[in-house]
Every structure is written in structure tokens, then in C-alpha cells.
Number of protein chains: 2
Amino acid sequence: MYELFFQNFNKKVPLTTSEEEQIKRYLTPKKLRKKQYLLQEGDVCKSIAFIEKGALKAYSVDENGNERIIQFGVEGWVISDLYSFLTSEPATYNIDAIEDAELMLISKSAHEALLQHLPKYETFTRLNITGAYLAMQRRLTSIISSSLEERYVNFTTLYPEIVQRVPQHMIASYMGLTPETLSRVRQKMIRK
Amino acid sequence: MYELFFQNFNKKVPLTTSEEEQIKRYLTPKKLRKKQYLLQEGDVCKSIAFIEKGALKAYSVDENGNERIIQFGVEGWVISDLYSFLTSEPATYNIDAIEDAELMLISKSAHEALLQHLPKYETFTRLNITGAYLAMQRRLTSIISSSLEERYVNFTTLYPEIVQRVPQHMIASYMGLTPETLSRVRQKMIRK
DNA sequence: TTTTTTCATTGATTTTTATCAATGTAATTT
DNA sequence: AAATTACATTGATAAAAATCAATGAAAAAA
């Protein structure tokens, strides 16, 4: 149940068994069915979710009811509305399950307690956020300086498992495109 | 000379005078003239720069010699190619001074030593990267889900000092637009 | 000061992408 | 099993943004 979380943690910051036990007491497992919300716009984000299994998406909904996907998450990733989590302001987007999912939740109080008492947890957090920052930097650079085709190839090589598991129109949304446009980009690529 | 850096640090993590002295030994001041490079594509990024004074930009250059601006930095901000800094791989972009600038550099060895020996520095680093992550998240969300006009208004309200100090075509580049398009967006706004 | 260079704007045109509409298929629900 | 819904594709058209070209003003360099 906790396997992936600690595998991940140990890869970044090696832990003793007793440290693992200590951290376990702060984790809350949670299962989500497909389409079930982890977080709804307007609610305060009460926890960070580490994904043990399944796939989730973070997204906002525009005036016309269209979803704009901000972030995907699969096994081994962390998902949350970090701004809402840190400030306790209402979330500006939704998070739900694309597939049935199993999560390890870290509540705000757990997060703060771990930061206070376990320096390795702060290091883990720092490395996680650094990784997330670098990933987002790549995504942003790709958006402002590459063609659609390059961006799509980029995405598929970086996240092949997501391409397999997630419907195309969600990837289009993630890229800031309409589904029609992405479909045409793909057609052009196939012809080559 | 170190005022802004420590003002910033203390706002995030309060320091004792002796801790300040300790940290000072790891900092290297540096001045840059306008147009001078802090980092050139292909070189390894050897330090993180805290900006005491002036303005800088991080950018890549495409096949046609056009600059794509990835990031601006002014007083109180940090600028670097974090990926290159952390991995010691060649930088994929350039950083130079838009205005004469004064920086506080933290070398890789200084960074690592401070992380090891001063927990408050790790906290400072964590908070910095978290702030940068949230700022980039805002920027990304704005790009994939807002109109050009909204994005420009967004930028001007968020970073009015940059609008004052930096030529428009650089802001266009930062937004992933041509200067002509930004000029037209502005015209439309003025007419209202 | 004079000369260059940088910069912002505007117009005409082309290219790119979104929108609207329709279709067939696959997946899900009843 | 039948009906409904979700999904990807394609075509026609509209809207948005890029490109090419020219101009004048401001800033920087000579």
C-alpha cells in the first residue's frame, strides 16, 4: 500500500525503518473511483496526494463548461492545488480521477509536523517541488517556442504512459488546443 | 550591498546576526553592465544569482536569431538556469543584463555547503522554489486558458515594474507573441 | 551634433488555429 | 441487446496571429 511512496522517498532521501514508521503515522490512504473528485473548485485543498495507483487530472471549467486541463498525475506523482493547500484559500480548480485510483494523503497538519520534526521530509519536499518546477519549466518553454507538432512529439516522448491511458481530447486541452486541432496535427505526422 | 538579500531571507526565515555572517562568507557579489552575460548557452551554470539591483533576462535564441524570453528578473528575484546548475549539464539558454545590475552569487559548492550545515538555508531554498513554482503555474494557466488581452492585463497588474523598465518587444517574446501582435492587443485595449 | 540603431506602430497578406457541423465507431449505461 | 454517450475524425468557414514591409520617433553611439 505504501510501497511506491517510500520507494520514491528513499530514492530521494534514504530513510531508516523507524523513520518510515514515523512517517506512516502521518499518511492517510484513500481510494477514488473513476470520475470521483479529490478536490472541487471553491473548496480548500486540505491535502497533498501521492498517487500509488491510477490516473488523475487537475482542471478548471470555463464559461462554456469546457475543461482546461492543468496537470495530469499517474503512479509516483504528486497532485494537489498547492496554492490553495499553502494559503488555505479556495481552490481555483478541480481534481478528479480519470481511472480508479489509490492515494496517500498528507494533510496540512501532517505536512507541517513532518517539516518541523523530520529534516529529511523537508529535503524530500524541496526535491519534489524542484522536480515539479523543472518539469513545468520544460512545458512552458515548449509552449512558447515550439510548433504544435514539436510540442506533441515532446509530450508523447516525455509521457508515453499518459498518451496510452488518457483520451486525446484531454491531451489537447492540456496543450491548450481544441481536439480538432490536435487530431489534425496527428494526421499530418502520420502522413510523413 | 547585501541588504536586499538578507531582507528577503529574514522575511522568509528569520536569522541571527551570526547566521547572517556565516552566510555572507558564501556569497560572491558581482556587477554586470547592460548587455553583459551572466550565463551563455552551452556553458554550465555555476551559480544562482540573487538580484540586488537592475534587471536581467533569461532567453534562448532560435534558428533565425530571434530571442525567446523565458524569464525576467529584477530586484529581489533569483535568476539562473536551475536545471544546468543542478545537473552540471550545459545551459540551454542565456542570461544577460537588461540594465546594469548588482548580484549576489551562490556557487554550487556554497549552495551545497549551506544546505548541509544550515537547516534554515534549506527552508529558504524550499520557500523560494515553491514561490517560483506557483508563479510559473500562474503563467502557464494564463497561457493555456486566457485571451491575449487577459494575459497582457494579467502581466501588467502582476509585474507593473517590468512593464515600466523593459521594452515591449521583450514582453511580447515572454508572452510567446510577435511584437506586432502585442502592439495590436494594446491598441484594442486603449480604444475601450 | 549627426548618424545609427532600437523600438513601436500600422497596413496588407498569409498562415495557423478555432469554431461549427456532421459522421462513424467504440464504450458505457440501461 | 438496445440505446445513449463519449470520442476521434473530416470538411467548410471564421477568427486569430504571424509574416512581410514600411514609417516615424526615440535612444544610443559616433
Side-chain angles (χ1 to χ4, degrees), chain A residues 33-36 54-55 57 59 61-69 72 96-100 142-156 162-192, chain B residues 32-36 54-55 57 59 61-69 72 96-101 142-156 162-192:
Chain A
R33 298 263 185 73
K34 187 173 173 173
K35 295 198 183 179
Q36 194 181 338
K57 64 181 196 291
Y59 62 99
V61 179
D62 69 16
E63 324 80 60
N64 312 317
N66 295 318
E67 296 186 356
R68 264 290 93 126
I69 292 179
F72 291 112
D96 68 18
I98 303 177
E99 303 169 358
D100 291 355
S142 172
I143 289 182
I144 63 171
S145 58
S146 305
S147 69
L148 293 190
E149 184 169 333
E150 286 169 331
R151 283 166 58 190
Y152 183 69
V153 170
N154 221 303
F155 182 84
T156 56
I162 291 186
V163 177
Q164 294 306 315
R165 290 161 66 176
V166 160
Q168 251 184 61
H169 70 271
M170 288 188 189
I171 293 169
S173 171
Y174 177 87
M175 293 178 67
L177 305 177
T178 60
E180 293 95 330
T181 298
L182 181 57
S183 172
R184 286 173 179 126
V185 169
R186 280 164 44 85
Q187 279 312 310
K188 268 196 192 168
M189 290 171 56
I190 291 167
R191 304 246 162 81
K192 284 177 190 171
Chain B
L32 284 186
R33 298 265 184 73
K34 186 173 173 173
K35 296 196 181 181
Q36 193 181 340
K57 65 180 195 291
Y59 61 98
V61 179
D62 69 18
E63 323 79 61
N64 312 316
N66 295 317
E67 297 186 356
R68 265 288 94 125
I69 293 179
F72 291 113
D96 69 16
I98 304 176
E99 303 169 0
D100 290 356
S142 171
I143 290 181
I144 64 171
S145 58
S146 305
S147 69
L148 293 189
E149 185 171 331
E150 286 169 330
R151 284 167 57 192
Y152 184 68
V153 170
N154 220 302
F155 182 84
T156 56
I162 291 186
V163 177
Q164 294 306 315
R165 289 161 67 175
V166 160
Q168 252 183 62
H169 70 272
M170 289 188 187
I171 293 169
S173 170
Y174 177 86
M175 293 177 67
L177 306 176
T178 60
E180 293 95 328
T181 299
L182 182 57
S183 174
R184 286 173 178 125
V185 169
R186 280 164 45 84
Q187 280 313 308
K188 270 196 191 168
M189 291 171 54
I190 290 164
R191 302 247 163 82
K192 287 178 187 170

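Lettering follows sequence order; numbering is per chain, from 1. Keep in mind that the numbers below use all heavy atoms, side chains included, and drop hydrogens, waters and symmetry copies.
No side-chain donor-acceptor contact under 3.5 Å links B/Arg68 to the backbone of B/Asp62.
Shortest non-hydrogen contact noted between A/Ile98 and A/Met170 is CD1-SD, 4.1 Å.
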Atom pairs, protein N/O to nucleotides 5-8 of chain D N/O, distance under 3.5 Å:
{"unit_1": "D/dC7", "atom_1": "OP2", "unit_2": "A/His169", "atom_2": "NE2", "d": "3.3"}
{"unit_1": "D/dA8", "atom_1": "OP1", "unit_2": "A/Gln168", "atom_2": "N", "d": "2.7"}
{"unit_1": "D/dA8", "atom_1": "OP2", "unit_2": "A/His169", "atom_2": "N", "d": "3.1"}
{"unit_1": "D/dA8", "atom_1": "OP2", "unit_2": "A/His169", "atom_2": "ND1", "d": "3.1"}

Any N/O pairs under 3.5 Å between the protein and nucleotides 20-26 of chain D? List them or say none.
{"unit_1": "D/dC20", "atom_1": "N4", "unit_2": "B/Glu180", "atom_2": "OE2", "d": "3.1"}

Could you give the side-chain donor-acceptor pairs of residues 176-185 of chain B under 3.5 Å, partners two or more places apart or in another chain?
{"unit_1": "B/Thr178", "atom_1": "OG1", "unit_2": "B/Thr181", "atom_2": "N", "d": "3.3"}
{"unit_1": "B/Thr178", "atom_1": "OG1", "unit_2": "B/Thr181", "atom_2": "OG1", "d": "2.9"}

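As a whole-Å value, the separation of B/Leu177 CG from C/dT16 C1' is 14 Å. The distance from atom CG of B/Leu148 to atom P of D/dA15 is 16 Å, rounded to the nearest whole Å. Taking atom CE of B/Met175 as the reference point, atom P of D/dA16 lies 15 Å away to the nearest angstrom. Atom NZ in B/Lys188 sits roughly 11 Å away from atom P in D/dA15 (whole-Å rounding).
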- Task: Report the C-alpha separation of A/Lys57 and A/Phe72 in whole Å, then their side-chain angles, then the decisive distance to 0.1 Å, and conclude whether the side chain to side chain contact (heavy atoms under 4.5 Å, CB included) test is met.
- Result: CA-CA 4 Å; A/Lys57 64 181 196 291; A/Phe72 291 112; 4.2 Å; yes
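The side-chain contact (heavy atoms from CB on, under 4.5 Å) with B/Ser142 is formed by just one residue from the set B/Glu150, B/Met175, B/Arg151; it is B/Arg151.
A close approach under 4.0 Å does occur between a side-chain nitrogen or oxygen of B/Thr181 and OP1 or OP2 of D/dA18.
No contact: A/Leu182 has no heavy atom under 4.0 Å from any strand.
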